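Structure first, commentary second.
Because the structure is predicted, anything quoted here is derived from the model rather than measured. In what follows, every chain begins at residue 1, and chains take the letters A, B, ... in the order their sequences are listed.
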Protein chains: 2
Amino acid sequence: MNEPTRIQRRNRDAILEAGLTVFSQYGFRGTTLDQIATEASLSKPNVLYYFASKEAIYIALLEGLLDTWLDPLRTLDADGDALHELMSYVTRKLEMSRDFPRESRLFANEILQGAPHIHGALTGELKSLVDEKAAVIEAWAAAGRIRPVDPHHLVFSIWAMTQHYADFDVQVQAVLGGRDPYPGALAHVTMLFERLLTPD
Amino acid sequence: MNEPTRIQRRNRDAILEAGLTVFSQYGFRGTTLDQIATEASLSKPNVLYYFASKEAIYIALLEGLLDTWLDPLRTLDADGDALHELMSYVTRKLEMSRDFPRESRLFANEILQGAPHIHGALTGELKSLVDEKAAVIEAWAAAGRIRPVDPHHLVFSIWAMTQHYADFDVQVQAVLGGRDPYPGALAHVTMLFERLLTPD
DNA sequence: GTCTATAGTCTGATAGAC
DNA sequence: GTCTATCAGACTATAGAC
């Protein structure tokens with residue numbers, strides 16, 4: 001086994017970068033190898049020299065990004081200040097939507113279509129992580145650090161509200177007439193969860 | 001122009017019904033005419049006897065459903081009780097996610113991929129309606145009937161939180177381990193918006 | 001109105017020269 | 001490693017018999 005050369009690494013990265021752009025916009029089936037090749041400035045057979053198939057590119061992307069995507073939740077610290085930990089999570093998730101919209105849409109496309117390629121990760125890795133953090137949130141609520149709340153549905157609402165701005169960006173832009181949604185979104189979402197969670 | 005016969009109406013409806021099922025699961029490009037034909041128990045050329053093209057079926061679905069989908073927002077009554085009107089809207093939207101998940105996913109797929117077929121309706125019909133209702137919400141807030149809130153972002157959060165349960169159902173099911181999400185969702189979402197909107 | 005057969009196009013993947 | 005050429009299969013849509 002040889003180490004990958006600089007060229008190999010550069011081309012692999014270019015393909016993944018191009019794949020992220022195109023898959024996130026058109027979904028798996030809506031994307032063609034030609035689009036990826038053009039976006040990566042490579043020929044179609046050359047793309048298939050680095051990856052065995054179109055599906056291999058897609059799966060490499062999903063697997064490589066899942067950890068990054070779940071990282072903010074993993075960071076939630078049971079020993080930290082409850083309200084501050086949760087508000088930091090909300091803020092980080094919204095910033096990720098703003099700064100990495102392609103990643104958000106890639107997962108949204110995959111899940112919307114039934115998660116055929118990562119269903120195992122949802123029932124395994126994802127469920128475990130959410131269950132673990134749900135227990136932390138429940139303990140915080142029991143200790144009176146935050147108001148009582150269903151921890152699983154709290155997580156769903158944070159996901160829903162933050163990822164909405166990336167996934168449905170076209171609609172948000174249409175309704176706002178092109179104004180930048182993020183300053184308002186940050187203020188609104190922060191206020192919403194602060195009111196929900198702050199004890200009386 | 002003749003009236004459509006019963007058979008014509010029945011077949012057209014069967015195609016639209018089948019299209020809704022398949023398009024909402026696989027998106028426009030991910031869906032084949034064969035899938036629609038099989039689902040509708042018709043032959044492929046027979047499907048194209050009723051609709052000029054695959055795209056025509058898709059557009060007929062989107063246009064036919066947009067009004068229905070926006071109806072709960074249109075119902076928001078400026079002369080009603082502010083909090084009650086908004087909570088009814090939240091509840092109705094969540095019930096629609098539960099009862100019409102295919103419709104929700106059809107729009108989600110379309111918007112996620114940049115709304116190539118209904119972009120005009122977003123900047124026209126949808127924006128007008130939201131702007132109109134945003135003014136109503138702002139007036140309620142100014143009158144002290146609800147807490148001050150950015151009306152556009154309020155609408156986004158209602159859409160995000162309610163449609164999440166339909167659009168990302170696979171993920172919700174995976175995390176909850178198959179438990180029915182809706183009883184908990186209704187309680188959580190209702191509580192969340194009540195706390196956000198109820199004046200002190 | 002509905003079918004079989006098929007035209008014509010697109011696309012994923014491979015062969016083979018360089 | 002990268003390219004040109006191309007195959008095989010899938011797909012939308014049409015032609016034409018019944």
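- Rounded to whole angstrom, the span from the OH atom of A:Tyr49 across to the C1' atom of D:dT4 amounts to 18 Å.
- Although no hydrogens or angles enter the test, the distance criterion places a donor-acceptor pair under 3.5 Å between the side chain of A:Glu110 and the main chain of A:Ile118.
- Note on A:Phe193 and A:Phe156: same hydrophobic cluster, where clusters join Ile, Leu, Val, Met, Phe, Trp and Tyr whose side-chain heavy atoms are under 4.5 Å apart, directly or indirectly.
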Which atom pairs link the protein and nucleotides 13-17 of chain C when you take only N or O atoms and keep those under 3.5 Å?
{"unit_1": "C:dA13", "atom_1": "OP2", "unit_2": "A:Lys54", "atom_2": "N", "d": "2.9"}

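- Counting to the nearest Å, the P atom of D:dT12 and the CD1 atom of B:Ile15 are 14 Å from each other.
- Rounded to whole angstrom, the span from the CZ atom of B:Phe51 across to the C1' atom of D:dT14 amounts to 18 Å.
- Residue pairs meeting the side chain to side chain donor-acceptor pair (under 3.5 Å) criterion with at least one member in residues 132-146 of chain A, sequence neighbours excluded, do not occur.
- Nucleic acid contact class of A:Ile7 (heavy atoms, under 4.0 Å, all strands): sugar-phosphate only.
- Computed from coordinates, the B:Tyr26 OH to D:dT12 P distance equals 14 Å when rounded to whole Å.
- Other residues, nucleotides and ligands contribute over 12 non-hydrogen atoms within 6.0 Å of the OH atom of A:Tyr182.
- At the phosphate of D:dA10, neither OP1 nor OP2 sits under 4.0 Å from any side-chain N or O atom of A:Arg29.
- At the phosphate of D:dT2, neither OP1 nor OP2 sits under 4.0 Å from any side-chain N or O atom of A:Ser43.
- Here B:Tyr50 lies in heavy-atom contact (under 4.0 Å) with sugar-phosphate atoms only.
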Exercise for review: Show your working on ring-ring contact (aromatic ring centres under 6.0 Å, His included) between B:His117 and B:Phe28 and close with a plain yes or no.
Suggested key: CA-CA 10 Å; B:His117 300 90; B:Phe28 178 68; 5.2 Å; yes
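- Taking side-chain N and O atoms only, A:Asn11 has a distance below 4.0 Å to OP1 or OP2 of D:dT2.
- Scanning residues 56-64 of chain B for heavy-atom distances under 4.0 Å to DNA chain C yields an empty list.
- How far CD of A:Glu194 is from CD1 of A:Ile146: 13.0 Å, rounded to the nearest 0.5 Å.
- No more than 12 heavy atoms of other residues, nucleotides or ligands shown are found within 6.0 angstrom of CZ on A:Arg9.
- The environment of A:Tyr89 atom OH is dense: over 12 non-hydrogen atoms of other residues, nucleotides or ligands sit within 6.0 angstrom.
- Of the residues listed (A:Leu86, A:Ile137, A:Leu129), the one engaging A:Val155 in a side chain to side chain contact (heavy atoms under 4.5 Å, CB included) is A:Ile137, and it is the only one.
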